[in-house]
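Inspection log for the structure reproduced underneath, given as structure tokens.
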Amino acid sequence: MSAIATSGTYYVSVTSLLLKSFLMAPKFMYYTSPAFREAAVAPGNLLCTTAGYNGLQMTITVWESKDKMREYYMGGAHAAAMKQLKSISSYAKIHGYFTDEMPTDASAIEEW
């Protein structure tokens, strides 16, 4: 069993959710598209990408620090999208971790 890193060069956040139904896709896109655009230009954001895995919608972001990620997380379009989470998804998981290497989508999903 490896120890959980509490510091590193990068802070990675991997968010995933399973839509309740394909009918939730328009609402999902309505709220997540602005949040994704804001993340891409947020201070401290180094990478913002999406992925699909086993039917899950995933967002992978890489930050200069956990504090920079928290500044983004607490406001704007992301806060509005988070308020919709229960109405559109049947499952959600958020995982954050520190690393010294810029992750690939595959390595971030594996860590998730």
Side-chain angles (χ1 to χ4, degrees):
M1 176 183 246
S2 63
I4 296 172
T6 58
S7 66
T9 305
Y10 308 109
Y11 184 77
V12 182
S13 178
V14 183
T15 303
S16 62
L17 65 81
L18 181 63
L19 295 175
K20 286 182 178 179
S21 150
F22 73 93
L23 297 173
M24 292 291 115
K27 187 175 183 179
F28 170 77
M29 293 304 296
Y30 178 82
Y31 283 98
T32 59
S33 294
F36 185 82
R37 286 192 301 273
E38 279 186 14
V41 297
N45 182 270
L46 303 171
L47 176 73
C48 189
T49 187
T50 60
Y53 179 74
N54 289 342
L56 297 170
Q57 307 294 319
M58 302 184 87
T59 303
I60 301 165
T61 53
V62 180
W63 301 87
E64 291 174 357
S65 69
K66 191 173 185 177
D67 288 337
K68 292 291 187 183
M69 182 276 302
R70 284 182 175 156
E71 288 173 17
Y72 160 74
Y73 178 85
M74 298 303 287
H78 186 267
M82 292 301 293
K83 289 178 183 175
Q84 301 302 315
L85 190 63
K86 287 185 180 181
S87 71
I88 64 170
S89 67
S90 58
Y91 169 85
K93 178 181 175 182
I94 302 166
H95 177 66
Y97 66 97
F98 291 97
T99 183
D100 286 323
E101 296 182 17
M102 181 64 75
T104 63
D105 286 359
S107 67
I109 291 169
E110 183 177 331
E111 174 70 27
W112 166 85

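Keep in mind that the numbers below use all heavy atoms, side chains included, and drop hydrogens, waters and symmetry copies. Residue indices begin at 1 and follow the sequence shown. Everything quoted here is computed from the prediction, not taken from an experiment.
- Looking at heavy atoms from C-beta onward, Val12 lies in side-chain contact with Ile60 at the 4.5 angstrom threshold.
- Considering only heavy atoms from C-beta on, Met58 comes within 4.5 Å of Ile109 through its side chain.
- Of the possible donor and acceptor atoms, one in the side chain of Lys20 sits under 3.5 Å from a partner among the backbone N and O of Lys86.
- Using a 4.5 Å cut-off on side-chain heavy atoms (C-beta onward), Glu64 and Leu46 make contact.
- Both Ile94 and Leu85 belong to a single network of hydrophobic side chains, linked directly or stepwise wherever heavy atoms of I, L, V, M, F, W or Y lie under 4.5 Å apart.
- Note that CD of Glu111 and CZ of Phe98 are 12.0 Å apart. Values are rounded to the nearest 0.5 Å.
- Lys27 pairs by the side chain to side chain donor-acceptor pair (under 3.5 Å) definition with Gln84, Ser87, not counting sequence neighbours.
- Judged purely by atom type and a 3.5 angstrom limit, Glu38 uses its side chain to pair as donor or acceptor with the backbone of Ala77.
- Looking at heavy atoms from C-beta onward, Thr32 lies out of side-chain contact with Phe36 at the 4.5 angstrom threshold.
- When the side chains of ILVMFWY residues are joined at heavy-atom separations under 4.5 Å, either directly or via intervening members, Ile88 and Leu23 end up in two distinct hydrophobic clusters.
- Under the rule for a ring-ring contact (aromatic ring centres under 6.0 Å, His included), the partners of Tyr73 that lie at least two apart in sequence or sit in another chain are His78.
- Under the 4.5 Å side-chain criterion, counting only non-hydrogen atoms from C-beta, Trp112 is in contact with Leu56.
- The environment of OH in Tyr91 is crowded: more than 12 heavy-atom neighbours from other residues, nucleotides or ligands sit within 6.0 Å.
- By the side chain to side chain donor-acceptor pair (under 3.5 Å) test, Thr49 is found to be paired with no residue, residues two or more places apart in sequence or in another chain being considered.
- In this view, Ser33 satisfies the side chain to side chain donor-acceptor pair (under 3.5 Å) rule with no residue, not counting sequence neighbours.
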Enumerate donor-acceptor pairs with a distance under 3.5 Å from any side-chain N or O in residues 100-107 to protein atoms, sequence neighbours excluded.
residue: Asp100; atom: OD1; partner: Thr9; partner atom: N; Å: 2.9
residue: Asp100; atom: OD1; partner: Thr9; partner atom: OG1; Å: 2.9
residue: Thr104; atom: OG1; partner: Ala106; partner atom: N; Å: 3.4
residue: Thr104; atom: OG1; partner: Ser107; partner atom: N; Å: 3.0
residue: Thr104; atom: OG1; partner: Ser107; partner atom: OG; Å: 3.2
residue: Ser107; atom: OG; partner: Thr104; partner atom: N; Å: 2.9
residue: Ser107; atom: OG; partner: Thr104; partner atom: O; Å: 3.1

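- No side-chain heavy atom of Tyr11 sits under 4.5 Å from any side-chain heavy atom of Thr99.
- Residues satisfying the side chain to side chain donor-acceptor pair (under 3.5 Å) test with Thr15, not counting sequence neighbours, are none.
- In the hydrophobic clustering of this structure, Phe22 does not group with Leu19; members are Ile, Leu, Val, Met, Phe, Trp, Tyr whose side-chain heavy atoms approach within less than 4.5 Å, directly or through other members.
- You'll find the side chain of Met29 stays beyond 4.5 Å of the side chain of Pro26, heavy atoms only.
- Remark: Leu18 CG to Ser90 OG distance equals 4.0 Å, nearest 0.5 Å.
- Rounded to the nearest 0.5 Å, atoms OG (Ser16) and CG (Asn54) are 10.5 Å apart.
- The OH atom of Tyr31 lies 10.0 Å from the NZ atom of Lys83; values are rounded to the nearest 0.5 Å.
- Side-chain atoms of Val62 and Met69, non-hydrogen and from C-beta on, never get closer than 4.5 Å to each other.
- Under the 3.5 Å distance criterion, with hydrogens and angles disregarded, a donor-acceptor pair is assigned to the side chains of Trp63 and Thr61.
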